[in-house]
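Shown next, in structure tokens, is the structure this report addresses.
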Amino acid sequence: MSSAVFLAVALASACGGADNTVTPDTDSELLSAASAPLAVIDAKTLTDTTAPLLLPLAGTRTYSAPVETSSGHEPSNYKAAPVVPSIVPAKSDPTGGVLTFERETAPLEGWHAWARDGAAGKHRQVLVSGGSSAAANRIYTVYTKEQLVNAIREARNEPKIIRVVGHIDFRVDGGVFKEYTSYDDLKSGGSLFIPSNTTLVGIKDANGKPARISGTQLLIGNENANFEVDFKAWVAAGKNPDAFPGWTRNVIVRNLAIDTMWDVNPEDSANAYADGICVSWAQNVWIDHITMTDLPTPSSLSSDTRHDGGLDVVRGSDYVTISNSYFTVHGKTTLVGNSDAGRQWSDEGRLHATFTGNHWQGVNSRTPRVRYGQVHIYNNLVTGDTNPSAANGTIPAGAAASDVKFESAIGVGYKADILAENNYYNMKTLKPKEVCGKLVTDHGKGVSFRSSGARFISNKDDAGKPMTATIDVQLQGCDGIPVANLWTPPYGYTLKTADTAKTEVLANVGAGKL
């Protein structure tokens with residue numbers, strides 16, 4: 001995607017056919033912003049540049065010993081990562097500091113480019129600028145954890161561009177690799193908080209390898225212990241919820257390879273702590289050209305769960321787009337909305353998200369799973385195997401992504417309202433008659449799931465014989481999930497056929513393509 005404004009001029013057909021552009025539905029009762037005379041505003045103007053950092057000590061090691069906690073982090077659960085990546089930090093910038101795509105603003109194609117305009121159910125368009133307006137002293141090129149963390153601490157919420165070159169592992173402290181010693185050490189030292197008005201991008205090194213980050217989770221926004229009480233009090237006082245001072249806004253993350261973090265001391269055998277990226281209480285976020293994987297430490301290397309989510313959009317977050325990104329060798333991959341119970345105060349009417357141009361390959365589930373949100377999923381590619389054969393039940397570093405068992409794709413959860421268009425599914429051992437319950441799954445009480453233009457190929461047809469051609473599959477109506485036209489994307493967008501989308505995704509997806 002370029003940073004140019006995109007204005008569509010024609011309506012798309014319901015499915016298949018030639019590529020189309022789609023205009024906003026000006027007749028929608030819920031989304032009238034498309035015709036409203038409101039100028040596009042810079043998301044930077046919605047942020048408080050004087051606000052304190054939410055996690056000022058993020059990235060600081062504690063080196064504490066494992067201790068038993070009330071949530072189950074027992075010392076006996078401690079296990080260092082069995083595989084350590086080969087970490088070769090870069091020492092120079094092959095571009096000589098010349099900026100190319102770093103000052104790009106986000107396109108206007110996606111939910112990230114919208115915000116509430118103050119009227120019930122209405123939205124207005126905004127420009128997600130990230131750090132595009134950064135002054136010369138707020139442009140950083142970093143090669144180490146220390147440089148990355150210090151750049152954030154110095155610039156705080158001012159517009160800033162942070163360019164990552166080479167491989168940064170947060171377990172490397174002062175140039176020496178030191179594994180996390182406990183849950184507390186991992187939680188503190190293995191967190192990177194990204195504040196408002198940030199553009200964080202990867203720059204290929206001298207060998208053409210994309211920038212890579214390991215041993216940490218990227219936190220865009222944060223919900224502290226008093227957040228619910230403070231927010232509810234703010235709303236009860238009649239104040240605008242979107243003016244609450246706890247929001248993180250206007251963030252761009254692009255062109256980075258991210259190894260999801262191995263939890264050295266999980267709370268129990270089924271739950272780990274860290275995500276790859278967690279968008280929590282944040283708005284106007286564009287995540288683009290990311291590569292995310294559990295390798296070189298897949299969950300199969302342990303008898304319990306050592307990885308949590310891949311990329312989660314949770315806890316009241318809103319107006320987020322994930323595009324052109326590659327997710328592979330992971331379990332619970334992409335999540336929108338993290339809980340049914342107790343989250344109406346934050347999630348009702350929020351969690352607007354767009355997924356487009358992404359490739360989920362060899363993941364277990366969640367492409368994505370949704371609660372509450374109005375989520376647009378179009379022109380993506382999903383490949384997987386429902387019955388893989390992995391040697392000895394483990395996946396060695398660098399093994400094929402197909403060795404992860406595929407369980408489900410789109411999950412329609414509590415109060416989810418999903419529009420899925422022209423997505424391509426390239427599967428193994430999944431018969432066409434079995435797509436309901438696999439490619440779309442009902443997790444209960446979903447508001448609506450609309451689908452059109454899905455394409456499907458497998459190595460088995462309904463009779464168990466090899467399939468020889470791609471077919472259209474009807475996902476709408478699976479499992480009796482309701483179908484209601486409650487909203488229309490307020491943005492114009494290019495809707496390609498699923499076949500075209502597949503070709504373009506394979507050529508364009510992931511880190512290192514910018």
Side-chain angles (χ1 to χ4, degrees), residues 1-8 22 24 31 33-34 38 40-47 101 103-117 122-133 159 194-201 218-221 242 247-256 277-290 311-325 334-337 347 349-358 368 370 372-380 418-419 487-494 514:
M1 293 186 184
S2 70
S3 59
V5 175
F6 176 82
L7 296 178
V22 180
L31 298 171
L38 296 173
V40 178
I41 60 172
D42 191 332
K44 179 177 66 174
T45 65
L46 303 175
T47 66
F101 66 93
R103 284 200 187 273
E104 288 183 359
T105 57
L108 298 183
E109 183 176 321
W111 266 123
H112 65 282
W114 292 81
R116 261 164 292 279
D117 71 353
K122 295 183 179 180
H123 310 264
R124 67 175 300 173
Q125 203 164 45
V126 302
L127 178 67
V128 176
S129 58
S132 63
S133 63
I194 303 174
S196 295
N197 304 318
T198 300
T199 292
L200 175 68
V201 297
L218 275 62
L219 302 173
I220 304 174
D242 292 293
W247 291 105
T248 295
R249 284 189 173 92
N250 196 31
V251 173
I252 296 173
V253 179
R254 304 180 75 191
N255 213 38
L256 283 167
I277 299 177
C278 183
V279 183
S280 175
W281 211 261
Q283 296 192 38
N284 304 122
V285 177
W286 181 36
I287 298 171
D288 177 66
H289 281 95
I290 294 298
L311 197 165
D312 289 359
V313 181
V314 295
R315 300 183 182 91
S317 290
D318 214 357
Y319 303 115
V320 178
T321 293
I322 294 95
S323 59
N324 307 308
S325 292
T334 39
L335 176 69
V336 178
D347 293 357
R350 301 191 186 279
L351 296 171
H352 296 87
T354 301
F355 292 82
T356 183
N358 303 297
V370 179
Y372 287 102
Q374 292 180 343
V375 176
H376 191 195
I377 307 165
Y378 73 97
N379 287 156
N380 300 285
I418 298 172
L419 174 62
W487 63 280
T488 301
Y491 46 88
Y493 60 99
T494 302
L514 297 178

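Everything numeric here is computed off the predicted structure, so don't read it as measured data.
- For the side-chain contact (heavy atoms from CB on, under 4.5 Å) test with V279, the passing option among I287, D312, L351, V314 is I287; the others fail.
- Rounded to the nearest 0.5 Å, atoms CD (Q125) and CD1 (I41) are 10.5 Å apart.
- Annotation: the span from R103 atom CZ to S129 atom OG amounts to 11.5 Å, rounded to 0.5 Å.
- Checked by atom type and distance alone, the side chain of R124 never pairs as donor or acceptor with a backbone atom of R116 at under 3.5 Å.
- Judged by distance alone, with hydrogens and angles left aside, the side-chain atoms of T321 form a donor-acceptor pair with the main-chain N or O of H112 at under 3.5 Å.
- Looking only at distances, a side-chain donor or acceptor of S317 sits under 3.5 Å from a matching main-chain atom of W281.
- When all heavy atoms of N250 and A43 are compared, the pair lying nearest together is OD1-CB, 3.5 Å.
- Under the 3.5 Å distance criterion, the side-chain polar atoms of D288 are left unmatched by any main-chain donor or acceptor of I322.
- Annotation: the span from N284 atom CG to K44 atom NZ amounts to 14.0 Å, rounded to 0.5 Å.
- Looking only at atom types and distance, the side chain of Y493 has no donor-acceptor partner in the side chain of T356 under 3.5 Å away.
- N358 contributes atom CG, which lies 6.5 Å from atom CG of N324 (distance to the nearest 0.5 angstrom).
- Going from atom OH of Y372 over to atom NE2 of H352 covers 14.0 Å, rounded to the nearest 0.5 Å.
- Side-chain polar atoms of N197 and T47 form a donor-acceptor pair below 3.5 angstrom.
- Between the side chain of T354 and the main chain of W111, a donor-acceptor pair closer than 3.5 Å is present.
- Listed here is the closest heavy atom pair of N255 and L514: OD1-N, 3.4 Å.
- Partners of T334 by side chain to side chain contact (heavy atoms under 4.5 Å, CB included), not counting sequence neighbours, listed by chain and number: L311, F327, F355, W360, P368.
- Closest approach of V128 and V251 over heavy atoms only: CG1-O, 4.1 Å.
- If you take CD on Q283 and CG on L46, they are separated by 8.0 Å, rounding to the nearest 0.5 Å.
- When all heavy atoms are compared, the tightest approach of D242 to R350 is OD1-NH1, 3.0 Å.
- Between Y491 and L108 the shortest side-chain heavy-atom distance does not fall below 4.5 Å.
- Nearest heavy-atom pair across W114 and V126 is N-CG2, 3.8 Å.
- Across every non-hydrogen atom of S132 and T105, the tightest pair is OG-CG2, 3.5 Å.
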